[in-house]
Amino acid sequence: MEMKIREIKTILTSPGRNYLIVKVTTENGITGYGDATLNGRELAVQSVIDNYLRDWLVGYNADRITDIWQMVFRGTYWRGGPVFMTALAGIDMALWDIKGKRAHMPLYSLIGGRCRDRAAVYYHAHGTKRDELIKRAKEMIKTGIKAIRYSFDIKDMHDQNVFYRQPHQDIKIKRIETDAIKNEGMWDSEVYIKNLLETTQELRNAVGTSMELIHDVHGRLTPIQAARLAKELEKYSLYFLEDPVDSNDKNGLQLVRNNSSTPIAIGELFNTIFDCEYILTNRLVDYIRVDISHFGGITPVLQISNFADVHSIKTAFHGPSDISPFAHAANIHIDLSIPNFGIQETFETDAVLEDVFDLPYCYKDGFITITDRPGLGVGFNEEAAQTYRYKKRYLPILRDDMGSVHNW
Ligand code: GCO
Ligand code: MG
């Protein structure tokens, strides 16, 4: 049925974190929302939608999601990249939301129906000190959480005022930081490896086998360092080790694989199926964890999930606090309806988020479920969203002791 797109609008909001939301409205007044948040580059994505995609897509049939996706991806010739794919993802999610609302069906029903009743999740557990992390993990077990991604800050052995920053923590730590633009930290991989091994041992002893442990290296090690680490970690039976090397280094990943049986997960930096094709066909990972907002939306994530399944690889979609509830909801609908779901990353929700978003999902005993509201099922209060003003923020930069830039 023909159902033309009447309007495409972007909304920036910051209830605790910055989010860029896309709103698509059809001629018959159905609205769909999608997430187009790209941490630190929200304004760049907004410009692609407002200045490029909007005028082009208004008037197209909203029902033809695959056609619109192909048109924007292939038709633009210079394809891919995080900014462009995030813009496309926002539109794609909104179109699926519209289709669900029109059919009076939740997304999971539209894409094949549930394969399971609930989806296993993992939370982030961070401690500025090792004992703090262990205390936190033990508290989490009591609340029913069954899997954590653990991280900690490391005090420099020589300079007590310097901490090595662990992947993506918002906790204020003392480092060479002046403002939101010059947000720089120090890094030493050998200090990190030593601390990680000691921490993992203590954590495993403290939680026993009652908790799955995940660690995110954030692509900060060289292949040989990562191979050594993954081998050493075997005795602690991690659920997976994430991004042990730079995601672009496929041969580096192969080296890690050849030297260790620690399960590996990768994918949050990939933007197209072509970025992961070699890794999947060569079975270099056990979990693929693409980010629905940076990978172009629901349409390509369904495709990559099927492709991974053919290679006995499970999913562990990226789900940090810096993507909005629309992306989280989309992840969960997919988690529930694909055969090869593994685990879903999640985070503890800040109450302020619920001033703007009415969440359809809820967590219990380490699992997540979602309501049967149509489409993505997320309610969005646009007026409340306007009151949380966007705050410009940059991602941090890491440097080693010579001052050279290191992977963050
Ligand atoms: C994860 C990720 C995040 C990223 C963040 C960057 O595994 O959850 O590594 O923590 O660092 O999404 O904006
Ligand atoms: Mg990560």
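In each ligand, atom 1 is the first atom listed, and ligand 1 is the first ligand listed. None of these values were measured; they are calculated from a predicted model. The figures here come from the full heavy-atom set of this structure, side chains too, leaving out hydrogens, waters and symmetry mates.
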Exercise for review: Using the Mg ion (ligand 2) as the apex, give the angle to atoms OE1 (Glu268) and OE2 (Glu242), rounded to 10 degrees.
Suggested key: 90°
Review point. Relative to each other, are the rings of Tyr150 and His215 parallel, tilted or perpendicular (30° and 60° limits)?
Key: tilted
Point to revise | Atoms of ligand 1, numbered as shown, that sit under 4.0 Å from any heavy atom of Arg289 | key: 1 (C), 7 (O)
Revision key, fill the gap. In Asp216, the N/O/S atom nearest the Mg ion (ligand 2) carries the name OD2
Review point. When the ring planes of Tyr19 and Phe357 are compared, do they come out parallel, tilted or perpendicular, using 30° and 60° as the limits?
Key: perpendicular
Review point. What closest approach, in Å, do Ile21 and Ser324 show between heavy atoms, and which atom pair accounts for it?
Key: CD1-OG, 3.6 Å
Would you tabulate the side-chain donor-acceptor contacts of residues 290-297 under 3.5 Å, counting partners in other chains and residues two or more places apart, or write 'none'?
residue: Asp291; atom: OD1; partner: Ser293; partner atom: N; Å: 2.7
residue: Asp291; atom: OD1; partner: His294; partner atom: N; Å: 3.2
residue: Asp291; atom: OD2; partner: His294; partner atom: ND1; Å: 3.4
residue: Asp291; atom: OD2; partner: His318; partner atom: ND1; Å: 2.6
residue: Ser293; atom: OG; partner: Asp35; partner atom: OD2; Å: 2.9
residue: His294; atom: NE2; partner: Thr37; partner atom: O; Å: 3.0

Exercise for review: For atom 13 (O) of ligand 1, state which one of Asn39, Thr37, Leu38, Asp291 supplies the nearest heavy atom.
Suggested key: Asn39
Check your understanding: Does Asp243 put an N, O or S atom under 2.8 Å from the Mg ion (ligand 2)?
Key -> no
Exercise for review: Select one of side chain, backbone, both or neither to describe which atoms of Tyr122 lie under 4.0 Å from any atom of ligand 1, heavy atoms only.
Suggested key: neither
Point to revise | Option set Val217, Asp216, Asp322, criterion heavy-atom distance to atom 5 (C) of ligand 1, minimum | key: Asp322
Review point. Can an N or O of Trp408 be found at a distance shorter than 3.5 Å from an N or O of ligand 1?
Key: no
**Study point:** Residue from Asn331, Ile343, Ile323, Ile332 passing side-chain contact (heavy atoms from CB on, under 4.5 Å) with Phe317
**Key:** Asn331
Review point. Would you say Glu190 has more than 12 foreign heavy atoms packed within less than 6.0 Å of its CD?
Key: yes
